[in-house]
J.: 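Can you keep this structure in mind? I'll have questions shortly.
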2 protein chains.
Amino acid sequence: MTTTDEALRTAGLRATRQRLSVLESLRERPDAVTAQDLHAELRGAGEPIGLTTVYRTLTALAGAGFLDTFDRDGEQAFRRCGEVHHHHLVCETCNRVEELSGDDVERWVSQAATRHGFEVTGHRADIFGICAACR
Amino acid sequence: MTTTDEALRTAGLRATRQRLSVLESLRERPDAVTAQDLHAELRGAGEPIGLTTVYRTLTALAGAGFLDTFDRDGEQAFRRCGEVHHHHLVCETCNRVEELSGDDVERWVSQAATRHGFEVTGHRADIFGICAACR
DNA sequence: GACCGACATGACAATCGTTGTCAACTGGGT
DNA sequence: ACCCAGTTGACAACGATTGTCATGTCGGTC
Ligand SMILES: [Zn+2]
Ligand SMILES: [Zn+2]
Ligand SMILES: [Zn+2]
Ligand SMILES: [Zn+2]
C-alpha cells in the first residue's frame with residue numbers, strides 16, 4: 001500500500017495538514033466512512049478541518065483510485081483500499097470491508113459481455129452480510 | 001413476468017390510473033429510468049401525474065421486488081426486472097440493461113463469505129459497458 | 001347507482017447530502 | 001524572505017428526495 005504522502009503526490013495534491021489528517025484517519029481503517037461522519041470524528045479528535053475540505057479530499061482521493069466508494073442509503077462512504085482490482089465483502093452492521101479477489105468473477109464478466117456484444121468499461125461485485133464480530 | 005395489475009395487487013397497492021401508467025411505461029422497457037425523467041416523459045405524453053406520486057410508486061414497487069434500482073451519479077434509476085435473482089449488464093450510454101444469471105458468481109459469493117466468516121444478506125454484481133447499438 | 005372509509009394524490013414546503021463561491025491563507029519552490 | 005498557484009472554510013446554493021395535508025378516488029357495501 002502507498003504511504004499517505006505518496007498518495008497525495010500521485011494524486012497531484014499538496015500535502016496539507018487537513019489532507020494528511022484525513023488520510024491518516026483512513027489508514028488501516030477496516031470500515032467505510034461517510035464524509036460527514038469523518039468530519040465529525042476529526043473535529044471531535046481536535047483536528048480542525050472544514051466539511052467542504054473533507055468532501056473535496058475524499059472525492060479527489062477516490063478519483064485518483066486511492067479510495068473506494070460505497071453507497072450507504074444514498075450516502076457515499078469511502079474506504080482506503082488496495083490499488084489492484086478487487087471486490088468487497090461488506091458488513092452491514094459495522095461497515096467493515098474485506099477486500100476480495102475473484103478470478104471466476106473476472107471470467108464471468110468478460111464472457112457475459114462478449115455474449116451480449118458489450119464493450120466492458122467496468123464492473124462491480126460486492127457481497128453484503130454480517131461479519132463474525134457482529135454476529 | 002407478472003402483469004401490471006398483479007404486480008400492484010401483490011404489492012398491496014390500489015390500481016390507480018397513475019400507478020398503472022407508471023407500470024405500463026416501464027413495461028418491456030429495456031433501460032433504467034429516474035423518477036424525474038419518467039415524470040417528465042409521462043407529463044410530456046399527456047399523462048397527468050405528480051412527481052411525488054412517481055417517486056412513491058417507484059419506491060413501493062422496488063420495495064416489493066418488481067423493480068431493480070441503479071445508481072446513476074447519485075441519482076436513483078429504476079427498471080422492471082424479472083423476479084428471480086439475476087445480475088446486470090448496463091450500457092453507460094443508453095442505460096439499457098440486460099439481465100444475467102451467474103452460477104459461478106453465486107458460488108463465489110458463498111465461498112468468499114464462508115472463508116471470512118460472514119453471514120450473507122445479499123450481493124450485487126453488475127457489469128458496465130457500451131452496448132452494440134451504442135458503439 | 002349512491003355511499004363511505006381507507007387509501008392515494010399532488011402542490012408545496014422542508015430536509016439533507018453535496019457542490020459552488022470567494023476572500024483569506026499556505027505549501028513549497030525560487 | 002518572497003511569491004503565487006493551490007487550498008481552505010464559512011456560507012450560500014443546489015438538487016434529489018421526502019414530509020405535509022387538504023382534496024380526490026378506489027372498491028367494497030347496501
Ligand atoms: Zn475496496
Ligand atoms: Zn472484478
Ligand atoms: Zn434487474
Ligand atoms: Zn447473484
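Below, chain A is the first sequence line, B the second, and so on; all start at residue 1. Note that the coordinates shown come from a computational prediction; the quantities given were computed from them, not determined experimentally.
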J.: For A:L8 and C:dG27, what is the distance between atoms CG and P respectively, to the nearest whole Å?
T.: 13 Å
J.: Starting from C1' on C:dT19, measure out to CG on B:D73 and report it in whole angstrom.
T.: 14 Å
J.: Could you state the CG-C1' distance from B:L20 to C:dT9, rounded to the nearest angstrom?
T.: 14 Å
J.: Going by side chain to side chain donor-acceptor pair (under 3.5 Å), B:D68 matches just one of B:R80, B:H86, B:R79. Which one?
T.: B:H86
J.: So, is A:T16 close to the D:dG6 phosphate, meaning a side-chain N or O under 4.0 Å from OP1 or OP2?
T.: no
J.: To the nearest Å, how far apart are B:L51 CG and C:dA8 P?
T.: 18 Å
J.: In whole angstrom, give the distance that lies between atom CG of A:D5 and atom P of C:dG27.
T.: 14 Å
J.: State which of C:dT9, D:dA16, C:dG17 makes the closest approach to the side chain of B:E75.
T.: D:dA16
J.: Please check: side-chain N/O of B:R43 versus main-chain N/O of B:L51, any donor-acceptor pairing under 3.5 Å?
T.: no
J.: Base, sugar-phosphate, or nothing: which does A:R56 touch, judged by heavy atoms less than 4.0 Å apart?
T.: base
J.: Is the shortest side-chain N/O distance from B:Y55 to OP1 or OP2 of D:dT18 below 4.0 Å?
T.: no
J.: Verify the distance criterion only: is there a donor paired with an acceptor across the side chains of A:E41 and A:S25 at less than 3.5 Å?
T.: no
J.: Please determine whether a side-chain nitrogen or oxygen atom of A:T53 lies at a distance below 4.0 Å from atom OP1 or OP2 of D:dG9.
T.: yes
J.: Taking only the side-chain heavy atoms of B:R17 (C-beta and beyond), determine which of D:dT18, C:dG10, D:dG27 contains the nearest atom.
T.: C:dG10
J.: Please check this pair: side chain of A:H39 against backbone of A:I49, looking for a donor-acceptor N/O pair closer than 3.5 Å.
T.: yes
J.: Counting side-chain heavy atoms from CB outward, which of C:dA11, D:dT18, D:dT8 is closest to B:R43?
T.: C:dA11
J.: Please classify the nucleic acid contact of B:Q36 as base, sugar-phosphate, or nothing, using heavy-atom distances under 4.0 Å.
T.: base
J.: Within 45° of the axis and under 6.0 Å from the centre of the six-membered ring of B:F128, does NZ or CZ of B:R72 qualify?
T.: no
J.: What is the separation between atom CD1 on B:I49 and atom P on C:dA8, rounded to the nearest whole Å?
T.: 14 Å
J.: Do any side-chain nitrogens or oxygens of A:Q18 fall under 4.0 Å of OP1 or OP2 in C:dT26?
T.: no
J.: Is there a side-chain contact between A:R19 and the phosphate of C:dG27, meaning an N or O under 4.0 Å from OP1 or OP2?
T.: no
J.: Classify B:A35 by what it touches in the nucleic acid, base, sugar-phosphate, or nothing, heavy-atom distance under 4.0 Å.
T.: nothing
J.: Select base, sugar-phosphate, or nothing to describe what B:T52 touches, counting heavy atoms under 4.0 Å on all strands.
T.: base
J.: If you take atom types as modelled and just measure distance, does the side chain of B:R14 reach the base of C:dA6 with a donor-acceptor pair under 3.5 Å?
T.: yes
J.: To the nearest angstrom, how far is B:L13 atom CG from D:dT25 atom P?
T.: 19 Å
J.: For A:Q18 and A:T57, test the side chains for any donor-to-acceptor distance below 3.5 angstrom and give the result as yes or no.
T.: no
J.: Check the distance between C:dC7's C1' and B:R9's CZ and give it to me in whole angstrom.
T.: 17 Å
